[in-house]
Amino acid sequence: MACVFTSNKTIRVCPFLNGDVENPEPKTNTTWIHPNLPSKCTWKPGKSISESPHNCVPLPKEPKILSNILEKIGHTPLVRINKISKAYGLKCELLAKCEYFNAGGSVKDRITLRMLEDAEKAGILKPGDTIIEPTSGNTGIGLALAAAVKGYRCIIVMPEKMSMEKVDILRALGAEIVRTPCTRFDAPESNVRVAWKLKNEIPNSHVLDQYRNASNPLAHYDTTAEEILEQCDGKVDMIVAGAGTGGTITGIARKMKEKCPECKIVGVDPEGSIVALPSSLNTAEDATMEVEGIGHDFIPTVLDRAVIDQWCKSNDTDSFLMARRLIREEGLLCGGSAGSAMSVAVKAAKQLKEGQRCVVILPDSVRNYMSKFLNDKWMITNGFLKEDVQEHYPWWWNIKVQKLNLLAPLTLLPDVNCQKAIEILRDKGYDQAPVVAESGLILGMVTLSNILSSLLAGSAQFSTPVIKVIYQQFSKISLDDTLGKLSHILENDHFAIVVHELEQYNADGSSFMKQMVFGVVTAVDLLSFVTRKNNSQKLNDGTLKSASSEMKRSLAECEKKTEDF
Ligand SMILES: Cc1ncc(COP(=O)(O)O)c(C=O)c1O
């Protein structure tokens with residue numbers, strides 16, 4: 001997709017982009033454009049602004065009456081952080097750029113508007129066309145919002161990991177949503193590849209491609225960075241921002257290198273991602289990342305790592321705890337990646353002196369994560385928060401999952417086809433089954449409703465192997481976890497996979513931990529344990545020797561209720 005255009009509508013080949021820009025149309029319907037092709041941008045720090053290869057748009061003034069909601073994109077507030085800054089003993093001024101005040105609720109509204117309008121100006125996008133985008137959600141919301149206002153069809157391809165809140169907002173905005181498994185970016189079923197596959201099949205459709213589109217960093221170069229400079233009277237000493245596509249940090253950093261070259265740019269990259277430099281920082285490559293919107297297993301084309309002065313790794317726990325603190329102590333209703341940036345900023349800004357200024361980008365709002373990090377139970381279940389020590393737990397609370405009478409699980413091999421999987425599940429009376437490799441390794445989960453929706457959406461046929469319709473966003477619990485933890489999980493999920501970890505050795509003597517499926521546990525298993533008639537008898541065995549009289553009372557109550565039932 002080209003994105004910098006002259007007024008007579010001929011495409012000025014954007015040096016940010018790669019060679020595909022002159023011929024953006026794929027030749028066959030299997031073609032896709034890699035989101036990590038090397039950039040051909042000729043922009044260099046130290047050159048004068050007049051030598052810039054980029055087409056720049058001046059920062060518009062905010063109108064008094066908006067002609068539509070898209071004019072409420074940009075001009076976001078810069079807010080002083082008070083209590084947290086004090087708690088960390090910072091001498092400098094700590095400021096938050098609150099991007100969740102954009103019309104669609106995130107920093108991505110800026111780039112979606114710019115990418116759309118640049119494509120419209122170039123005559124690439126025409127009324128009634130379809131926009132397709134692979135995204136972690138916020139770009140999707142920005143595009144769906146602009147598509148709703150401007151009248152385009154919008155298809156968003158999003159990994160399963162992303163929150164249901166984002167899905168519901170996208171639906172409300174009229175977008176069509178395709179969910180993909182969380183796989184490597186270049187796997188055939190990744191959201192990037194599925195988006196290109198749809199583009200190759202749907203006439204008059206376009207992938208604006210935030211990973212390669214120069215309008216992405218340019219939106220931040222022209223607006224976010226200009227606003228920060230205006231709000232700080234040109235004096236900024238440090239900027240801290242996370243990198244997803246890298247558009248935000250690249251655009252801001254390039255403007256700072258030109259207008260405020262002393263400003264230090266700190267990039268935030270979550271553990272599990274490979275974006276940070278030096279690459280020795282990226283140690284935990286297989287760590288799972290719960291924070292959404294930042295981190296990748298490839299280097300996006302638009303990310304210019306040459307303009308980032310320092311990279312710092314963030315982790316999920318610090319990110320979520322800091323995001324909750326920003327809400328609780330500063331009243332900033334931000335998302336998890338805002339917590340990542342701030343958790344890094346409070347450490348990095350220690351090097352700044354009194355009178356200096358650190359600006360932190362808060363990309364989106366807690367609105368996207370109401371059922372996730374805002375929820376205490378979710379935090380506890382996922383190990384990000386310790387449980388309060390309550391005095392009145394039910395008697396079964398601290399009993400281990402291994403005490404449940406779980407049946408050996410029904411598992412499917414990855415090459416079982418959907419037709420056969422439906423028959424097996426139906427015959428055995430199950431709604432779901434783990435899909436495991438011959439080695440016993442868990443590959444994912446397949447459910448009847450998942451198979452059904454893939455068949456209806458046309459993304460799978462009866463002959464398709466189940467490996468194509470599995471999903472990986474399910475809760476796991478170990479045999480040593482408590483039934484209390486299990487009950488938290490089952491408040492949100494229909495089931496959890498009971499896993500058993502074993503250490504396996506390679507021929508070279510190195511070892512790794514391998515997770516095997518021990519069973520699938522549902523609310524019925526927990527309830528039948530809790531209400532089992534002979535529980536009072538069990539109170540006398542070793543497991544429950546320590547049971548208090550209160551536990552016995554609650555058990556008796558429980559049994560009574562079962563009898564009444
Ligand atoms: C929540 C959140 N934080 C941070 C970012 C990073 O922005 P960028 O893609 O400009 O690097 C994104 C991008 O999707 C996001 O959704």
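Just so we're clear, the structure is a prediction, and the values are computed from it rather than from any experiment. Remember, it's 1-based here, ligands and their atoms both numbered in the order they're listed.
Proximity of the aromatic rings of Trp378 and Phe320 is defined here by a centroid distance below 6.0 angstrom, and this criterion is met.
Two residues are said to be in side-chain contact when any heavy atoms from C-beta on lie closer than 4.5 Å; Ile252 and Ile361 meet this criterion.
Lys255 has no carboxylate O lying under 4.0 Å from a charged side-chain N of Glu227, or vice versa, which leaves the two without a salt bridge. Comment: Arg324 engages Asp376 in a salt bridge, judged by a side-chain N to carboxylate O separation of less than 4.0 angstrom.
What you find for Thr250 and Leu303 is that their closest heavy atoms are OG1-CA, 3.5 Å.
Below 30°, between 30° and 60°, or above 60°: for Tyr369 and Phe373 the angle between ring planes is between 30° and 60°, a tilted geometry.
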Quick one: table the atom pairs, ligand 1 N or O against protein N or O, below 3.5 Å, distance rounded to 0.1 Å.
from, atom 1, to, atom 2, distance (Å)
ligand 1, 3 (N), Ser337, OG, 2.7
ligand 1, 9 (O), Lys108, NZ, 2.5
ligand 1, 9 (O), Thr245, N, 2.7
ligand 1, 9 (O), Thr245, OG1, 2.7
ligand 1, 10 (O), Thr248, N, 2.9
ligand 1, 10 (O), Thr248, OG1, 2.5
ligand 1, 11 (O), Gly244, N, 2.6
ligand 1, 11 (O), Thr245, N, 3.3
ligand 1, 11 (O), Gly246, N, 2.8
ligand 1, 16 (O), Asn138, ND2, 2.9

